[in-house]
Participant: 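I'd like to ask you about the structure that follows.
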Amino acid sequence: MRSVNTEAQTAPDAQPTGWDFATLEATWGPWWEEHDVFAPVDDGSRERRYVADMFPYPSGDLHMGHAEAFAMGDVVARYWRLRGYDVLHPIGWDSFGLPAENAAIARNAHPAEWTYANIATQAASFKRYGLSLDWSRRLHTSDPEYYRWTQWLFLQLYRRGLAYRKNSPVNWCPKDQTVLANEQVVNGACERCGTPVTKKALNQWYFRITDYADRLLDDMDALAGHWPERVLAMQRNWIGRSTGAHVDFVIEAAGSAPERKVTVFTTRPDTLYGATFFVVAADADLATELVTDEHAQMLTAYREEVKHLSDIERQATDRTKTGVFLGRYAVNPLSGERIPVWAADYVLADYGTGAIMAVPAHDQRDLDFARTFDLPVRAVVDTGDEDPAVTGIATAGDGTLINSGPLDGLAKAEAIARAVELVGEAGTGEATVNYRLRDWLLSRQRFWGAPIPIIHCETCGEVPVPDEALPVRLPDDMRGADLAPQGQSPLASNEAWVRVDCPACGGEARRDTDTMDTFVDSSWYVLRYTSPHDTEAAFDPEAVRRWAPVDQYVGGVEHAILHLLYSRFITKVLHDEGLLDFTEPFTALLNQGQVLNGGRAMSKSLGNGVDLGQQLDRYGVDAIRLTMVFASPPEDDVDWADVSPAGSAKFLARAWRLASDVASPVGADPAAGDRALRAVTHRTVADAAALLDDHKFNVVVARTMELVNATRKAIDAGPGAGDPAVREAAEAVAILLSLVGPYTAEDMWHRLGHDGPVNQAAWPTVDESLLVQQTVTAVVQVAGKVRDRLEVPVDIGEDELRERALAADGVTRSLDGRGVRTVIVRAPKLVNIVPA
RNA sequence: GCCCCAGUAGCCCAAUCGGCAGAGGCGGCGGACUUAAAAUCCGCGCAGUGUGGGUUCGAGUCCCACCUGGGGCACCA
């Protein structure tokens, strides 16, 4: 059985000699704070870089996942500082949200109490964790000074027509008693609490993110190579652009119902002649509008039935198709054929036009429906497969058009183009594009969020709260049971808060009582970091120009769509508003993996949780950070059962001891030092830079370990502790180690005789001449197998190397009299002799 | 079903352009020091790169097919 680290199984280890992490932490933590080491200078003397970690939600204390993510971000921030950049590395809290409200209800408190207590705990933990953050820019999205500008942002979108209210069936979480955005529904369940989501017809606020679908998609080209490919793939998938055509069908008059036109969206206009029936979404208004009196009762009953299905049930793909005939007929605009109109729940009200032409021969869903209700199936593309009417398997591949009048004989792609032309000429259709992406439902019926800054007036309608009246503050007299979910926002019951004079007419009016999705808060915070104390604007355009966009963003892949898509959208809106000169907020993205234990995510129910605080107590901050970084590439998961924080501590102690052993004075000229050790030092530093640029932090640690080993050997069994090359190596170790073990590295740096912070040291200059080797081992292969090695000068010529290789003992032995067919020479490293 | 990513030693992981499969660590084994242990130091690599083909003088690396694991999308017309 696989072992799992748990508190119960771990007996205290003895600490490695000399190195005492508790003392180092107590010494250097306060010293960094006192000397304000990590705030950017922002005076333009150095090139600026902006690195941000996805800010935390203040639920309890920091956990192992935070420890990993922030360790990664800090490597980048510290590396860039060493490379001479002026680095902005801020911290803040995503401090609105449901957990605070639920805690407040349980404890009869105000959500702010729980929230700010947790923030204080987390802030203390962040400081202990030794992160190189600029604390002066700290922000909390639940501060009125912040959410004032979130409300301002809402009004920008409102004024641009990008924020609107509509009545629509929306996702409703019965447990949390609030609506959810599409992005927050995972497999038909609430992303937060796992409760199956139901549909509810409500009037809700939306952001028109679909207007930006094309740009969100196309601008990803610029992110390729800098963002993880899978995140881009997920966003592409989510936006789901599909090209096709709108085609108008006339629905014939029937009884009292007049003739009317209904448009469908199809990606396969080539199959128009194969449409044998017509389907509208059962839950769309269109269904009730079309149904004849005779069939109305059937439809009502069917709609009732559909309404009671959960999303999970409705989406089961193996479910038998259901639907009702509406008593009407649609006319095919090309063939003139009359086809029956049905309502069914497999057609979605909010995708395309909520109506489709059904081509059962070439669409599996339509075929399933046709077979259930015994509707005709007519193949119009000869794909070479068997007849779908017989097999029950729709054919979607390429083929030759048949039974299709003017399209007969064309291939699929040609037929699509021709069909679009034909409907275009007839004035009954056109090419179009459709998206899976839906508008962003942002209103929430909960308390702990930024109130939507709209006032509802009977005379004037929707009136935006004037900018100077912002923020619309949350009342501070609501607590405990006042906040209990009740199907509408708790704010609605606070009459004193709701009643307000209309800003337009002065008459009696009421505030909008919904609050904003917390993803609105987090969609713009990286802009706020550039001027967090600005009281005149959401952000100072000058400051944004200096720092933004974020050069390196770090966070978990769980936000691959949600937060990242929303931030990209908001950035584009602010760009269109003329407030930003860039259109993407995050130039580069790094997704750190998860921290697992025993192959599974840590969880209470599995009992495999590892407490960060206890790990820090036991091994020290540096050892935990080092363990996180060294375990694997940043984007891979770390399994705590597979790693050894004790081993990390051992290495840190080993590195740290080097500093005390160095016997040459500060400034000793390394040129006089041992060349072999110097070559290792300079090679390591040069490689580390390339590896860091490539985010291979685990390899940087491995290379640092090598350098430590080489230095140890030089002290004990080489030129000795007094050699200046040993000092040079130890200083390089301190600098490299400062990326992941800041306390240990800082102490080393000072023991080595330096006064300033190690993170303000310069990245060591690499002496290229030390990287050049005099001789190199050339490998001699016979038929691809290594048969000999030769020490040769690096600049050996091809001919000479060939001769020496052919004369090599191993070659003669291996050839054993056989002749030579070809000799491939790659001077100076390799010769491959191909025998005859 | 479609789309992405990954399979290297008992384990975590390295391996610029296709060029000696092993840098680093964990574990294991052996040794030095010790009355003993801890700590420290030294030494030892045990797999031929998921499978099968292909290209090449040469493949962990490139191509094709497949297997396994992880993730995303999925009644989206």
Side-chain angles (χ1 to χ4, degrees), chain A residues 2-3 13-18 186-187 228-238 240 242 244 264-268 271 279 314-319 321 344-348 350-359 362-366 368-369 434-438 557 560-561 593 626-627 630-633 635-639 641-648 650-651 653-654 657 687 690-691 694 696 698-709 712-713 716-717 777-789 821-826 829-835:
Chain A
R2 168 163 215 163
S3 82
D13 302 322
Q15 257 199 42
T17 312
V186 178
N187 292 326
E229 184 47 48
R230 65 169 172 159
V231 173
L232 297 176
M234 282 162 78
Q235 293 216 357
R236 252 180 235 119
N237 234 329
W238 189 261
S242 59
V264 302
F265 172 72
T266 177
T267 54
R268 294 291 305 276
T271 62
V279 191
R314 199 185 57 75
Q315 287 173 6
T317 45
D318 53 355
R319 200 177 126 234
K321 292 278 182 288
D345 66 352
Y346 85 92
V347 172
L348 307 177
D350 57 354
Y351 181 78
T353 61
I356 62 158
M357 61 174 205
V359 185
H362 307 297
D363 182 290
Q364 192 60 48
R365 297 152 301 182
D366 296 343
D368 293 343
F369 191 87
N434 233 297
Y435 303 91
R436 215 189 67 92
L437 181 70
R438 308 295 152 83
V557 75
I561 295 167
L626 181 80
T627 302
F630 181 51
S632 59
E635 58 276 12
D636 285 10
D637 290 344
V638 177
D639 194 328
D642 290 336
V643 297
S644 170
S648 298
K650 197 167 100 179
F651 164 69
R654 190 173 152 82
R657 278 192 299 271
D687 288 354
L691 290 163
D694 212 14
K696 293 181 177 176
N698 56 325
V699 188
V700 174
V701 173
R703 300 304 305 278
T704 307
M705 288 173 169
E706 256 181 288
L707 179 56
V708 167
N709 291 342
R712 181 82 260 157
K713 198 164 268 178
D716 292 345
T777 306
V779 172
V780 185
Q781 301 177 333
V782 176
K785 294 217 159 50
V786 182
R787 295 303 185 192
D788 213 331
R789 288 157 215 272
R821 186 154 59 121
T822 338
V823 181
I824 284 111
V825 183
R826 291 284 177 274
K829 289 174 79 173
L830 183 127
V831 179
N832 188 14
I833 297 163
V834 186

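Lettering follows sequence order; numbering is per chain, from 1. FYI, side chains are in, hydrogens and waters are out, and symmetry mates aren't considered; it's all heavy atoms of this structure.
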Participant: Under 4.0 Å between any heavy atoms, over every strand shown, what does A:A702 touch: base, sugar-phosphate, or nothing? Just pick one.
Facilitator: base

Participant: Is the distance from OP1 or OP2 of B:rA74 to the nearest side-chain N or O of A:R436 less than 4.0 Å?
Facilitator: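 So the side chain of A:R436 is within the cut-off, an N or O lying under 4.0 Å from OP1 or OP2 of B:rA74.
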
Participant: Take A:G240 and A:D636, find for each the nucleotide of RNA chain B with the closest heavy atom, and name the residue whose nucleotide sits nearer the 5' end.
Facilitator: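 Looking at RNA chain B, the more 5' nearest nucleotide goes with A:D636.
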
Participant: Could you list the residues that satisfy salt bridge (charged side-chain N to carboxylate O under 4.0 Å, His left out) with A:R787, not counting sequence neighbours?
Facilitator: none

Participant: Should B:rG28 form a Watson-Crick or G-U wobble pair with both distances under 3.5 Å, which nucleotide is its partner?
Facilitator: B:rC44

Participant: Run the side chain to side chain contact (heavy atoms under 4.5 Å, CB included) test against A:N698 and tell me which residues pass, sequence neighbours left out.
Facilitator: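 If we apply the side chain to side chain contact (heavy atoms under 4.5 Å, CB included) test to A:N698, skipping adjacent residues, the hits are A:P633, A:K696.
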
Participant: Starting at the 5' end of nucleotides 43-50 of chain B, put B wherever the base has a protein heavy atom under 4.0 Å, S where only the sugar-phosphate does, and a dash everywhere else.
Facilitator: S-------

Participant: Reckon A:K650 has a side-chain N or O less than 4.0 Å from the OP1 or OP2 of B:rG25?
Facilitator: no

Participant: Which letter, B, S or -, goes with each nucleotide of nucleotides 29-34 of chain B from 5' to 3', with contact meaning a protein heavy atom under 4.0 Å?
Facilitator: ------

Participant: Would you say A:S644 reaches B:rC12's phosphate, i.e. side-chain N/O to OP1/OP2 under 4.0 Å?
Facilitator: no

Participant: Sort me out a list of protein N/O and nucleotides 54-61 of chain B N/O pairs below 3.5 Å, or just none if empty.
Facilitator:
unit_1, atom_1, unit_2, atom_2, d
B:rC57, O2', A:N832, ND2, 3.3
B:rC57, O2, A:N832, ND2, 2.4

Participant: Among all residues two or more places apart in sequence or in another chain, which pass the side chain to side chain contact (heavy atoms under 4.5 Å, CB included) test with A:S648?
Facilitator: A:A623, A:L626, A:T627

Participant: Could you check if the base of B:rG53 is syn or anti? Syn means the glycosidic torsion is within 90 degrees of 0.
Facilitator: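 Anti conformation for B:rG53.
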
Participant: For A:A344, give me all partners under side chain to side chain contact (heavy atoms under 4.5 Å, CB included), at least two apart in sequence or on another chain.
Facilitator: A:V279, A:Y302, A:Y346, A:F369

Participant: Mind checking salt bridge (charged side-chain N to carboxylate O under 4.0 Å, His left out) for A:D687 and listing every partner two or more places apart, or none if nothing turns up?
Facilitator: A:R683, A:R703

Participant: Taking only side-chain nitrogens and oxygens of A:N237, does any of them come within less than 4.0 Å of OP1 or OP2 of B:rG71?
Facilitator: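 It does not, given that no N or O in the side chain of A:N237 lies less than 4.0 Å from OP1 or OP2 of B:rG71.
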
Participant: Check every atom of B:rC12, B:rC13, B:rA77 against the side chain of A:P633 and return the nucleotide holding the closest atom.
Facilitator: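 Comparing B:rC12, B:rC13, B:rA77 against the side chain of A:P633, the answer is B:rC13.
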
Participant: Check ring pair (Phe, Tyr, Trp, His ring centres under 6.0 Å) between A:Y435 and all other residues, then give those that pass, not counting sequence neighbours.
Facilitator: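 For A:Y435 there are no ring pair (Phe, Tyr, Trp, His ring centres under 6.0 Å) partners, ignoring immediate neighbours.
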
Participant: According to side chain to side chain contact (heavy atoms under 4.5 Å, CB included), who are the partners of A:N434, at least two apart in sequence or on a separate chain?
Facilitator: A:S242, A:H246, A:F265, A:Y351

Participant: Go nucleotide by nucleotide along RNA chain B from the 5' end; which of A:M234 and A:Y346 gets its closest nucleotide reached first?
Facilitator: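 Nearest-nucleotide comparison on RNA chain B picks A:M234.
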
Participant: Classify the glycosidic conformation of B:rC17 as syn or anti, calling it syn when the angle lies within 90° of 0.
Facilitator: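 What B:rC17 shows is a syn base, its glycosidic angle lying within 90° of 0.
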
Participant: I'd like to check the salt bridge (charged side-chain N to carboxylate O under 4.0 Å, His left out) partners of A:D350; sequence neighbours left out, ordered by chain and number.
Facilitator: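 A:D350: salt bridge (charged side-chain N to carboxylate O under 4.0 Å, His left out) contacts with A:R438.
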
Participant: Name the pairing partner of B:rU68, where a pair is Watson-Crick or G-U wobble with both distances under 3.5 Å, or state none.
Facilitator: B:rA6

Participant: If the condition is side-chain hydrogen bond (donor to acceptor under 3.5 Å, both in side chains), which residues does A:D716 pass it with, not counting sequence neighbours?
Facilitator: A:R712

